[in-house]
Amino acid sequence: MAKVAAKPVRIVVAKVGLDGHDRGVKVVARALRDAGYEVIYTGLRQTPEMVVDAALQEDAQVIGLSIHSGAHMTLFPAVVDELKRRDATDIVVFGGGIIPDDDIAALKKRGVAEIFTPGTPLQEIVDWLRKRFPEQTRKP
Amino acid sequence: MRALARAITLVERRDPGVRELEEALRTGAKSPGVAGFTGAPGTGKSTLVDAVIAFLRNQGSSVAVLATDPNSPFTGGAILGDRIRMQRHALDGKVFIRSMGARGHLGGLSLATREAIRLLGAFGFDQVILETVGVGQSELEVAAVADTTVVVLTPNLGDSVQMIKAGILEIADVFAVNKSDIDGHARVVAELRTMMNMAPKTPWRPPIVPTIATRGDEEDAGLAERLLRDGTPYRTAEEILDRTDN
């Protein structure tokens, strides 16, 4: 029986805005689960305030946002701003979805740590998290 | 709120530093009323909890939820998905929802649940609602921790032999027969009643409450009232222990 990491990284995963396409986010959530993370899935149609509130209550170190509706330039920075307002900028925000390259650069400037677009191998997301949180060590 | 969330994390990690914190908090802390919801996966526990939150909030109580889901025995990872059903309470400052991985603990709750309840009491929450992992027949820990244990059943989970088996059906203070809009619900109620008629007489006969948790708002009040009798716990942990002595 594999042991849960002594300090498992907790990741709140959410769909923000009016976007019902949750297949991708569920695939990613499952991959993170299989990588040993505790994934708190909060479901569809979240506002930035709801996402941040959930991350604070859950004491998550990471927020993963998924969006396919095109509203990423509004909603992703809104989550970052809400974290600032709640004095919780230590929480890392990453995102995924159909996001043009130009927007990715702009979002990173606005404080989103990383963006993964369709076709990204799941392992790439896991590797990125591992690099970011090396202390999360699962000892099988 | 972040302090509370962090403290629960420390308890979950069994961090030695939490002892001091608890000692500091214990003085003057009241103990909240604790209701526990247990039952098989997918029976509607989270959705029922959502309705009960609404009811308790209407009464003016602050409510904290500790919702447990399992961790993988292979990777240690988990999908904690209970709060999805409770999102309408998301921005209510008097509602605190925390998902907990069972992290290999087998009783249906997290090893940290009891201590987390104490922390919630210290932070002033009036009522705590526990939700177990989706359980089978022998995860009974919730009954020892909660004042009121609600066992959630649905139609089509088995025949009358299942009903006379020992274990989870013995710990109910209340039975919720959820999804009562689908075929077979009347049979579940009838079999539960028969099962209870065969049992030795006890001072408390658990009511059987048909529920359709997804109906939401209009059902909330009646449903929660029948489940929790105005939010007052049915019995104390001592009374439960008394029962096992007899």
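Every chain is numbered from 1 and lettered A, B, ... according to where its sequence line falls, protein lines coming before strand lines. Values reported hereafter were calculated over all heavy atoms of this structure, with side chains retained and with hydrogens, waters and symmetry mates removed.
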Spacing of [atom1] belonging to [X] relative to [atom2] belonging to [Y], to within rounding of 0.5 Å:
X     : Y     : atom1 : atom2 : result
A/L56 : B/L4  : CG    : CG    : 11.5 Å
A/K7  : B/D15 : NZ    : CG    : 7.0 Å
A/D87 : B/R2  : CG    : CZ    : 8.0 Å

Point to revise | Side chain proximity check, B/L91 to A/D53, heavy atoms < 4.5 angstrom | key: yes

So which heavy atom on [X] is nearest to which on [Y], and how close?
X     : Y     : result
A/D34 : B/T75 : O-CG2, 3.2 Å
B/S99 : A/I40 : OG-CG2, 3.9 Å
A/E38 : B/L80 : OE1-CD1, 4.1 Å

Point to revise | B/L157 atom CG, neighbour heavy-atom count above 12 within 6.0 Å | key: yes

Review point. Which answer fits A/A14, side chain, backbone, both or neither, if we ask what part of it has an atom under 4.5 Å from a heavy atom of chain B?
Key: neither

Exercise for review: Would you check, one step at a time, whether the test salt bridge (Lys or Arg N to Asp or Glu O under 4.0 Å) holds for B/R6 with A/D90?
Suggested key: CA-CA 13 Å; B/R6 287 254 161 93; A/D90 54 298; 3.5 Å; yes

Revision key, fill the gap. Per-residue tally against chain B (heavy atom, under 4.5 Å) across A/Q46, A/R45, A/E49 peaks at A/Q46

Review point. So which of A/R86, A/R33, A/E58, A/M50 has the biggest tally of heavy-atom pairs under 4.5 Å with chain B?
Key: A/E58

**Study point:** Main-chain N/O of A/T42 paired to B/Q87 side chain as donor or acceptor, under 3.5 Å
**Key:** yes

Practice item. Examine distances only and state if a side-chain atom of A/Q57 and a backbone atom of B/I97 form a donor-acceptor pair shorter than 3.5 Å. Key: yes

Review point. Given that the side chain runs from C-beta out, which part of B/R83 has a heavy atom under 4.5 Å from chain A: side chain, backbone, both or neither?
Key: side chain

Check your understanding: What part of B/V95 gets closer than 4.5 Å to chain A, counting heavy atoms only: side chain, backbone, both or neither?
Key -> backbone

Exercise for review: Tell me the residues of residues 95-124 of chain A whose non-hydrogen atoms fall below 4.5 Å from those of chain B, in number order.
Suggested key: none

